[in-house]
Amino acid sequence: MNQRPQLSRYLNILLVCLIGSSLSFLGYIHSAQLEQQQQQATVTKLMYERQAQLETRIATTIEILDALGSFISNTESLSAQAYHSFSQPILDRHPEFWAVHWVPRITDNERKNFEETLAARGFINGITELEPSTNSITPSSPKSEYYPVLLTEPLKRNRAIIGFDANSRQINSDVISQTLNQNINFLSSAPFKLVQDNEGSASVVFFRPVFSISPAPTELTTRKQSIRGFIVALVKPQTILDTLAANDQNIATQLRDIMSDNAINIGSSGQNKIEDDWLTQQVRFASLGREWQLELSISNKHPLLVDSSNRAILILIAGLCFTFTLAAILYRLSQAHLQIIQERDRAQSYLDTVETIMMVLDKQGRITMINRKGCNILGYSEAEIIDSLWYSPRYMPDSTERYDTYLACMNNKLSKEIVYSENPVLDHQRNRLQIAWHNRVQFDNDGQPSGMLSAGEDITQKHYFSSLELIRSKAMQSALEGLSLRTIFDQVLKGIEALNPGAKCSILLLDDSGKHLMGCSAPSLPEAYNAAIDGVEIGDGIGSCGTAAFRQERVIVEDIQQHAYWAAFKELAAEHELGSCWSEPIFGKKGRLLGTFAIYHANVCAPIDRDLSLISKTTDFISLIIEEQQTETELKRMATTDELTSLPNRRKFLATLEAELTRAKRYERQLSLCMLDLDHFKKINDRYGHHVGDTVLSNVAATMQSMLRETDMAGRLGGEEFGILLPDTQEEHAVILGLRVGAQEAELR
């Protein structure tokens, strides 16, 4: 009687067991699939990490070549020693560089001088070119221009390449043409095998054009006209891949150039260890004008792919307790969760390896995400930055105005998006950084702005030195326009002070006696202070400038009130709120002292490397302008002055006479002219010699000068003939002066 319900119960239990077993089996299969997907996601993440690292290394290479190009652009006469000193640390720290060449542009007219320069350095083959038919180096045939290797590092390994015309090799010629015709600053050649490299791996050549500093090469025609040459770096990608591999035996990588025929393999690691069960991913990317393919393979035994959680077994056991509906829900949730993790890990991995600041702001301008590079530049930890207001005095000196602009953008009140911007940013030490931002507005599901994604690049150094070059250019233009030294130097010092808030600069020039410093320019120092130090005597321990001029070396005084050099002037400095003074002597040609350049600060402070570089570059520039002005003044004096008597010469005297005659006629004024001639002067020369005659002429000139008014002019017209121009003078007064001069002349003889 009880058998039927009992049988029914057993059947229900069996049915539950069957359903539970089925659900558990499905859960087990699902868990295994998740493991495979997670493994594939791990491989994808690793691949993107390697790609980001590779692109970062390429970007670092570009920055190095850019620094070397800027060094050459700012060096008028580049020596082999200077090039070696600059390049050697780069080669020591970056083994992927096989060689770094400086390849100047040489015209056909310059070829002879260039080859003589090579011969003087021991390279007698001149300019050479590649003979494709024999794959040999031969003397270059005549061309309108060449791009021969002048300097190379390391020289020992690349000595044979000196003088080789890079433009004669087709793969190089294509890249050179492309950089000049398509306004591109960095390109690489197709891969090739180095003859002198016994490792057999492929290499590529990176090209960075170097232009004249002024004018800046913007248009294509200007680029071709102002090209000075190329920095040519021979790079071995295999070395980069070896570094990235980090001796991981369970990972293999391969890099191919897919623009070349048959996709040339230019580097690989661990390819001989790949087995059938390894997982593989590929990604293509463009860099330096070429298309590349990176392939990553990883062993399923790699620690990152070994699943120690026993998820499948746990789900099999727990699946007996879940229904089909719950299993379906979990399936969907797990799929979504996997995708979120994959995207998040890939994004975070990329953001933490790029060399730019990546930051996300919400609608109120608060920071919701920032990468490692951003934290490093600002000097705060991620916890200190997240949820803080970006547009605040903590980060920006002009935060209020920029915050209003940002809120207007978030409320659709701007006519266009803030796609690119540059603004000063403060780090944790309150140092002022210049950051260039590329911005993209984020939108919510309703199409309304919800925040902003910003990528920032630190351009502080670039902005600083560009501003210095602009200051120099404006000063040179002012000098060409004939402005005074004070006006020119006022412009220069005001520009430097604008770049260095808090700095007050001065220029003092050495007087004719060589013992005193006279004020020339100090636009921001108090007039009372400038007047007090004007004419200060140079000497050891006499302030910063007096000591620098005396010792002819840089003097850094960090604390004026405590330094012995300022003992006699510290009350004056305190009265005008001057706390520190750094002074540098200004030298002309052959070490001639011209004056001093000084930087003052209100507070006690010491110079950093950038300040010392600024001081050196500024004094060199100031020296150039001073000597140009002095040279021009001396030339004018020599053109209008008699060398023996220091009187105006015949041309100057006659020009002044003509001008005074015109003025006298126009305004009906009196004008007198006296003509003097030394009697029997030839007898003096014949009897006593010309040196005595020269002395007589000099004394006569000095006597005339002592008798004249400031408005009068005496001039030597030739030999022993002189003239005296007397504006506003009647004839009888001119006669009296002539008799007096004659009497004095007689006494001299």
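Counting begins at 1 with the first residue of the sequence.
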Under 4.5 Å between any side-chain heavy atoms of [X] and [Y], yes or no?
X	Y	value
Leu234	Phe97	no
His84	Leu155	no
Arg592	Ser623	no
Thr547	Ser583	no

Polar side-chain atom of [X] near backbone of [Y] as donor-acceptor pair, under 3.5 Å:
X	Y	result
His101	Val103	no
Arg394	Ser388	no
Glu422	Gln434	no
Asp534	Gly519	yes

Check your understanding: Do Phe207 and Tyr147 have ring centroids that are under 6.0 Å from one another?
Key ->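 For Tyr147 and Phe207, the ring centres are not under 6.0 Å apart.
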Point to revise | Partners meeting side chain to side chain contact (heavy atoms under 4.5 Å, CB included) with Ser616 (sequence neighbours left out) | key: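 With neighbours one apart ignored, the set is Arg554.
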Review point. By ring pair (Phe, Tyr, Trp, His ring centres under 6.0 Å), which residues pair with His601, not counting sequence neighbours?
Key: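 Result, ring pair (Phe, Tyr, Trp, His ring centres under 6.0 Å) vs His601: Trp582.
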Practice item. Before giving the answer on side-chain contact (heavy atoms from CB on, under 4.5 Å), spell out for Lys474 and Gln477 the whole-Å C-alpha distance, their side-chain angles and the decisive distance to 0.1 Å. Key: CA-CA 5 Å; Lys474 290 182 178 179; Gln477 182 62 35; 5.6 Å; no
Check your understanding: Stepwise, does the side-chain contact (heavy atoms from CB on, under 4.5 Å) test hold for Leu572 with Trp566?
Key -> CA-CA 10 Å; Leu572 177 66; Trp566 283 80; over 6 Å; no
Review point. Does a side chain donor of either Asn109 or Thr107 reach within less than 3.5 Å of an acceptor in the other side chain?
Key: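 Checked: Asn109/Thr107 side chains show no N/O donor-acceptor pair below 3.5 Å.
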Point to revise | Residues Tyr395 and Tyr380: side-chain donor-acceptor under 3.5 angstrom | key: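 Looking only at side-chain atoms, Tyr380 and Tyr395 do not form any donor-acceptor pair under 3.5 Å.
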Check your understanding: Is the number of heavy atoms from other residues, nucleotides or ligands within 6.0 Å of CG (Asp540) greater than 12?
Key ->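 Counting other residues, nucleotides and ligands, CG of Asp540 exceeds 12 neighbours.
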Check your understanding: Can you tell me how far the CD1 atom of Ile560 sits from the NZ atom of Lys570, to the nearest 0.5 Å?
Key ->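 Result: 11.5 Å between the selected atoms.
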Exercise for review: Just do the side-chain contact (heavy atoms from CB on, under 4.5 Å) check on Ile106 and Leu150 with the steps written out, would you?
Suggested key: CA-CA 10 Å; Ile106 302 298; Leu150 174 60; over 6 Å; no
Exercise for review: Evaluate the side-chain contact (heavy atoms from CB on, under 4.5 Å) criterion for residues Ile599 and Asp611: first the C-alpha distance (whole Å), next the side-chain angles of each, then the deciding distance (0.1 Å), finally the verdict.
Suggested key: CA-CA 9 Å; Ile599 299 179; Asp611 296 324; 6.0 Å; no
